[in-house]
Amino acid sequence: MGKTIAIYPGSFDPVTRGHMDIIERASKTVDHLIVGVLVNSAKSPLFTVEERVALLKQVTAQYPNVEIRSFDGLLVDFARASGAHILIRGLRAVTDFEYELQMAQTNRVLAPDVDTVFLTTTLEYAYVSSTIMKEVARFGGDLSSFAPPEIIQALCKKMQEEKEKNKENIL
Ligand code: ADP
């Protein structure tokens with residue numbers, strides 16, 4: 001039998017403990033896990049794709065079968081090009097479900113040989129999202145439960161840079 005290769009796609013802007021939990025668990029169930037960082041996110045990301053990839057690499061260095069790569073375009077095309085037949089997604093709450101179901105069904109129509117597997121979030125991280133983490137960071141809140149120290153440091157630095165930029169624009 002060939003190796004099981006899976007892709008865990010997302011924006012990861014930046015990576016959170018919730019993402020890391022899914023990465024750790026998924027990496028135990030497949031031979032090779034590719035974390036796919038979306039280049040052209042509709043969400044106009046705070047971090048560049050290079051920065052998001054670098055941060056993910058830092059916090060997943062301990063997993064030998066996890067690889068971080070960026071991708072653009074259709075996820076199923078990236079999956080095919082990578083030899084992956086499994087897509088991993090995390091489900092936090094019912095609110096995630098409708099969108100995730102629609103996406104999984106769309107991908108299945110586009111690529112019948114690629115299946116989506118959902119991992120439900122660990123309760124401890126159910127409330128964690130990159131968006132909420134950025135909100136808390138913007139107002140100087142405690143971020144230790146959202147992400148490891150190296151990510152928090154990068155986020156605080158980025159927020160500071162954004163503030164300086166905004167100041168220049170106002171002046
Ligand atoms: P997207 O921009 O596609 O929503 P994200 O970077 O926000 O991507 O998330 C990527 C994947 O990680 C999604 O499947 C999302 O449901 C999952 N995810 C995000 N946060 C958590 C969490 N706290 N627990 C479990 N899964 C999560």
Side-chain angles (χ1 to χ4, degrees), residues 5-30 32-60 63 65-79 82 84-108 110-111 114-138 141-152 154-155 158-159:
I5 304 171
I7 291 182
Y8 175 38
S11 320
F12 305 102
D13 185 38
V15 57
T16 67
R17 287 194 197 276
H19 296 132
M20 288 167 65
D21 173 54
I22 299 286
I23 292 171
E24 185 185 351
R25 286 157 58 203
S27 72
K28 286 180 189 157
T29 67
V30 296
H32 191 69
L33 180 70
I34 300 168
V35 180
V37 184
L38 195 57
V39 174
N40 259 345
S41 171
K43 294 175 180 170
S44 48
L46 180 66
F47 288 90
T48 66
V49 71
E50 291 82 12
E51 289 168 334
R52 285 178 277 144
V53 166
L55 291 174
L56 270 159
K57 280 187 180 165
Q58 272 187 51
V59 297
T60 59
Y63 309 120
N65 66 334
V66 174
E67 183 189 353
I68 315 296
R69 278 165 56 185
S70 60
F71 76 100
D72 210 350
L74 271 185
L75 173 58
V76 290
D77 290 339
F78 178 55
S82 315
H85 294 278
I86 302 170
L87 304 175
I88 306 273
R89 293 289 288 177
L91 277 183
R92 279 165 291 195
V94 190
T95 42
D96 280 342
F97 185 76
E98 209 162 328
Y99 173 69
E100 290 293 338
L101 184 69
Q102 201 177 12
M103 225 167 41
Q105 286 169 341
T106 305
N107 285 333
R108 204 155 157 64
L110 293 174
V114 178
D115 241 314
T116 305
V117 172
F118 293 104
L119 293 182
T120 52
T121 179
T122 299
L123 277 180
E124 198 186 341
Y125 305 124
Y127 67 94
V128 173
S129 76
S130 300
T131 307
I132 300 273
M133 178 163 76
K134 283 181 278 190
E135 276 301 298
V136 176
R138 207 156 268 136
D142 176 14
L143 295 169
S144 50
S145 57
F146 287 89
E150 54 267 54
I151 304 298
I152 296 173
L155 183 54
K158 184 62 102 177
M159 287 289 170

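Order of appearance sets the numbers: ligands from 1, and atoms from 1 within every ligand. Note that the coordinates shown come from a computational prediction; the quantities given were computed from them, not determined experimentally.
Taking distance alone, with nitrogen or oxygen atoms compared against 3.5 Å, V128 approaches ligand 1 more closely than that limit. Of the N or O atoms in Y8, one or more lie within a sub-3.5 Å distance of an N or O in ligand 1. For a threshold of 3.5 Å applied to N or O pairs, the pair formed by T121 and ligand 1 contains at least one separation below that value. Residue-to-ligand polar distances place F12 within reach of ligand 1: an N/O pair is separated by less than 3.5 Å. Residue D13 has no nitrogen or oxygen atom sitting less than 3.5 Å from a nitrogen or oxygen atom of ligand 1, judged on distance alone. At least one N or O atom of G90, backbone or side chain, sits closer than 3.5 Å to an N or O atom of ligand 1.
By the criterion of a heavy-atom distance under 4.0 Å, neither the backbone nor the side chain of Y127 is placed next to ligand 1. Within the 4.0 Å heavy-atom criterion, the part of R92 lying near ligand 1 is the side chain and not the backbone.
Listed by number with element, the atoms of ligand 1 under 4.0 angstrom from any heavy atom of I22 are 25 (C), 26 (N). Of all atoms in ligand 1, numbered sequentially from 1 with element shown, those under 4.0 Å from a heavy atom of Y125 are 22 (C), 23 (N).
Residues meeting the salt bridge (charged side-chain N to carboxylate O under 4.0 Å, His left out) test with E67, sequence neighbours left out: R69.
Using 4.0 Å as the threshold, P9 has a heavy atom nearer than that to some atom of ligand 1.
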Side-chain donor-acceptor pairs of residues 116-124 under 3.5 Å, sequence neighbours excluded:
unit_1: T122; atom_1: OG1; unit_2: D21; atom_2: OD1; d: 3.2
unit_1: T122; atom_1: OG1; unit_2: D21; atom_2: OD2; d: 2.7
unit_1: T122; atom_1: OG1; unit_2: R25; atom_2: NH1; d: 3.3

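Looking only at distances, a side-chain donor or acceptor of T16 sits under 3.5 Å from a matching main-chain atom of H19.
Of all heavy-atom pairs between V15 and M20, the closest is CG2-CG, 3.9 Å. The two residues R52 and L38 have their closest heavy-atom pair at NH1-O, 3.0 Å. P148 and V59 make their closest contact through CG-CG1, 3.8 Å (heavy atoms, listed as atom of the first residue, atom of the second, distance).
Classification of the F71-F78 ring pair by plane angle, with boundaries at 30° and 60°, yields parallel.
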Using the side chain to side chain donor-acceptor pair (under 3.5 Å) rule, take Y8 and S27 through it: C-alpha gap first, then chi angles, then the decisive distance, then the call. CA-CA 10 Å; Y8 175 38; S27 72; over 6 Å; no
